[in-house]
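Taking it in order: structure first as structure tokens, then the write-up.
When reading the values below, keep in mind they use all heavy atoms of this one structure, side chains included, and skip hydrogens, waters and symmetry mates.
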Amino acid sequence: MQGGLLHLAPELDWFLRCVLSWALSATLTVAGARDRPEIFNSDSGAQLTVLEFTPTLRRCQMQISMEG
């Protein structure tokens with residue numbers, strides 16, 4: 001992008017292998033999700049492993065699964 005980057009945050013259904021929803025952001029802040037999934041699976045990117053984010057997942061009673 002001209003003058004910076006955009007971050008893509010897709011919500012994927014791994015069983016159906018399709019994108020359920022997605023969002024673009026100019027920052028690494030967390031956007032609200034559509035529904036509360038039982039398992040949150042992500043890569044181990046910095047924005048998804050910070051101490052401000054993982055307690056939120058636990059409070060929502062979500063299992064955390066991160067790729068290596």
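A distance of 4.5 Å separates CD1 of I39 from CD of Q63, quoted to the nearest 0.5 Å. In this structure, OG in S25 is found 6.5 Å from NE2 in H7, a value given to the nearest 0.5 Å. Interatomic distance, E38 CD to C60 SG, rounded to the nearest 0.5 Å: 13.5 Å.
Scanning both residues, V19 and P10, for their nearest heavy atoms gives CG1-CB, 4.5 Å.
With hydrophobic clusters built from ILVMFWY side chains whose heavy atoms lie under 4.5 angstrom apart, L12 shares a cluster with L8.
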